[in-house]
Amino acid sequence: MAVSQGADMQRRPAWLKPLVAGSGPRYLQIADLIAHAVRNGELKAGDQVPPQRWLATELGVDLTTVTRAYAEARVRGLLASFGGRGSFIAEPYDPSQRGMVDLAMNIPPQPANRALADHIKAGMSEVVTRHDAESVSGYHHPVLEPTALQAARTWLGPMLDAMGQSQVLMCAGTQGAIFNLLQAHTRRGDAVLCDPLTYPGFLRAARALGLKIIGVPGDASGMLPDALERSCRDTGAGLLYLNPTIQNPTASTMPTARRQDIAAVLRKSKVTLIEDDPYRHLLNDAPLPISACTSGERSYYLASLSKCLSPSLRAAYVVAPSGQATTTLLESFAATSMGCSALLAGLVQTWIVNGTAKSLLGEIQLEARSRQALARSILPGSIQAHPSGIHLWLPLPPQWRPTAFSQALEDMGVRIAATNAFGVEDELPSGVRISVGGARSHAELQCCAAEDPDSAREKSDRQQPHGCLATRPIPMCTCNQASWCRNAQPDSIGAAAGRMDFSSTPP
């Protein structure tokens, strides 16, 4: 039953029942009413649901409750929202039509309200209105002009002042910046230091340049300062790569005290730091960067917008020390690329200045939290994740083979990333990284491996999450040993992971 937007809307739709005290959060009750109406055919694809203010008044709740209810309904795949037009019942999700779901590539999820396209259209319109055609169609120099620099300062925040006389550059993504920094600061055969499990892009760049990669031991708080000092002394390494905030792949965040200790070792050892911080803006309370603890001395701070806004921006800020080091880096940029797109750089600047970047970031945080909550409901308590991060780390018992685990999932149509993609050495902790942003929607994340799509939809509507890692059977090993058997593959990924005894050892 469609609902008109007229000012005289007085008629209460038949599907809208009174809320019941003691039956759970009111916003979930409202979302459940919408789900029930869709299931029973009272609401069909394309029907408009009531405006939020009207519904809040009708049900006697505050506007925030209805806003949360509609956001929850969007997360379940029930609603689609269009700026200025209201919210409508979405086309039903059909799991049989999906292809491969890539949970291996770490990208931010689309906001639940699907507003990214609207943001891009509005932003591009403002770019071409405010800038002349020549300024956005030519080559973009990494050194920012004053207006663009002010936007960068807004995005980077107070930490920039703590980095002393550093200079802010913009480049086409952090992958290129990492390669250029390694090229500018090392020679073939040099040793470089990093975490034992680290970002694959750094490993690819270092290997391509013929560098010797050394993993430095750590604990739950991150890299150990005394181990770093020993590695600097024993290997002669002059460069350290770290990703200390929602670390890729383990999702751990280095606390402030450990960052200060690492900074002290770097000053003492005179080692150059590449601090890759793409996930910082997903946190509302991220610790001060290590680069700020070094006052920017021999420190390069990389702040990508790809992981917290959109990969299509292909833009990142590089906060670099002033002087010859930055000159060398600029020469390396010139040798490998002609900078990032001036048009995209203009869009980044526009979004930051007009508040779109902050708004979009908030929407992505909400969707990431929702997806992380779903993952926690499916996977065992041993997972490592941040509530608003876009990936999680699932440790596996050492007897499990991560590559077999990930291949079994890929055979089911779900791609994840195993230990070997992140490892510096052969003998490493067994685990897999699952990127929650890769699914096109929360509904796809829930239903992409469901044995019975209708059953999965019903469970979703009842708030019993049923997910992509939970249900489809995979053949078991025929040796009839326990689920941690080296030859075994789980009969049901989420269920088997939940049964794992991580303290057990093979007989």
Side-chain angles (χ1 to χ4, degrees), residues 71 75 103-112 155 157 159 174 194-202 218-223 242-259 262 275-290 292 301-311 357-358 360-396 416-417 419 421-422 429 431-439 442 445 465 467-469 494 497:
V75 160
L103 305 184
M105 182 62 71
N106 227 10
I107 60 174
Q110 283 272 318
W155 184 254
M159 54 81 51
T174 56
C194 62
D195 288 313
L197 292 174
T198 193
Y199 169 50
F202 165 76
D219 60 13
S221 294
M223 186 173 286
L242 279 177
N243 163 212
T245 306
I246 316 186
Q247 198 261 359
N248 185 3
T250 65
S252 63
T253 294
M254 185 183 290
T256 299
R258 179 62 57 85
R259 294 173 187 236
I262 292 293
E275 183 175 11
D276 190 5
D277 211 8
Y279 310 111
R280 176 180 181 80
H281 281 81
L282 296 174
L283 282 69
N284 293 322
D285 56 351
L288 199 65
I290 300 172
Y301 181 79
L302 313 183
S304 171
L305 286 84
S306 296
K307 302 299 186 185
C308 54
L309 294 180
S310 172
K358 184 176 180 180
L360 180 57
L361 175 63
E363 294 166 5
I364 289 171
Q365 285 177 318
L366 286 173
E367 177 67 6
R369 290 190 191 109
S370 176
R371 294 182 181 214
Q372 289 282 2
L374 172 61
R376 286 195 300 273
S377 73
I378 296 169
L379 297 170
S382 58
I383 63 169
Q384 299 166 200
H386 186 277
S388 58
I390 60 174
H391 69 272
L392 60 88
W393 180 252
L394 172 62
L396 301 177
I416 59 174
T419 301
F422 311 97
V432 294
R433 189 194 72 183
I434 301 167
S435 301
V436 299
H442 194 277
L445 196 60
C468 64
L469 303 181

Value for CH2 (Trp393) from OG1 (Thr419), rounded to nearest 0.5 Å, stands at 3.5 Å
Determine whether a donor-acceptor pair (N or O, by modelled atom type, separation under 3.5 Å) exists between the side chain of Arg371 and the backbone of Val436. yes
Heavy-atom nearest pair, Ala368 first then Ser388, reads CB-O, 3.6 Å
Mind checking side chain to side chain contact (heavy atoms under 4.5 Å, CB included) for Ser310 and listing every partner two or more places apart, or none if nothing turns up? Leu116, Ser312, Leu313
Distance check, rounded to the nearest 0.5 Å: Leu392 atom CG versus Thr250 atom OG1? 11.5 Å
Flag side-chain contact, heavy atom, 4.5 Å: Asn243 against Pro278: yes
What's the spacing between Leu282 CG and Arg369 CZ if we round to 0.5 Å? 9.0 Å
Polar side-chain atom of Gln372 near backbone of Gly389 as donor-acceptor pair, under 3.5 Å: yes
Show the numbers, then the answer: is there a side chain to side chain contact (heavy atoms under 4.5 Å, CB included) between Arg259 and Leu288? CA-CA 8 Å; Arg259 294 173 187 236; Leu288 199 65; 5.9 Å; no
Go through the steps for Asn106 and Ile390 under the test side chain to side chain contact (heavy atoms under 4.5 Å, CB included), then give the verdict. CA-CA 7 Å; Asn106 227 10; Ile390 60 174; 3.8 Å; yes
Test side chain to side chain contact (heavy atoms under 4.5 Å, CB included) on Leu361 and Leu309; report intermediate values, then the result. CA-CA 6 Å; Leu361 175 63; Leu309 294 180; 4.2 Å; yes
Contact between Ser221 and Ser252 at the side-chain level, heavy atoms closer than 4.5 Å - yes or no? no
Give the intermediate values and the outcome of side chain to side chain contact (heavy atoms under 4.5 Å, CB included) for residues Glu363 and Glu367. CA-CA 6 Å; Glu363 294 166 5; Glu367 177 67 6; over 6 Å; no
Is the His391-Tyr279 ring centre distance short of 6.0 angstrom? yes
Find the distance between CZ (Phe202) and CG (Asp276) and round it off to the nearest 0.5 Å. 10.0 Å
To the nearest 0.5 Å, tell me how far Asn284 CG sits from Gln365 CD. 4.5 Å
Answer yes or no: is there a side-chain heavy-atom contact under 4.5 Å between Glu275 and Pro244? yes
Please name the pair of heavy atoms, one in Gln247 and one in Thr198, separated by the smallest distance, quoted to 0.1 Å. NE2-CA, 4.0 Å
Could you tell me the separation between the NE2 atom of His281 and the CG atom of Leu283, rounded to the nearest 0.5 Å? 10.5 Å
Within the 4.5 Å heavy-atom criterion, are Thr245 and His386 side-chain neighbours or not? no
Arg280 side chain to Pro287 main-chain N or O, any donor-acceptor pair under 3.5 Å? yes
Ile364 and Pro109, any side-chain heavy atoms less than 4.5 Å apart: yes
Residues two or more places apart in sequence or in another chain: which of them pass salt bridge (charged side-chain N to carboxylate O under 4.0 Å, His left out) with Asp219? Arg258
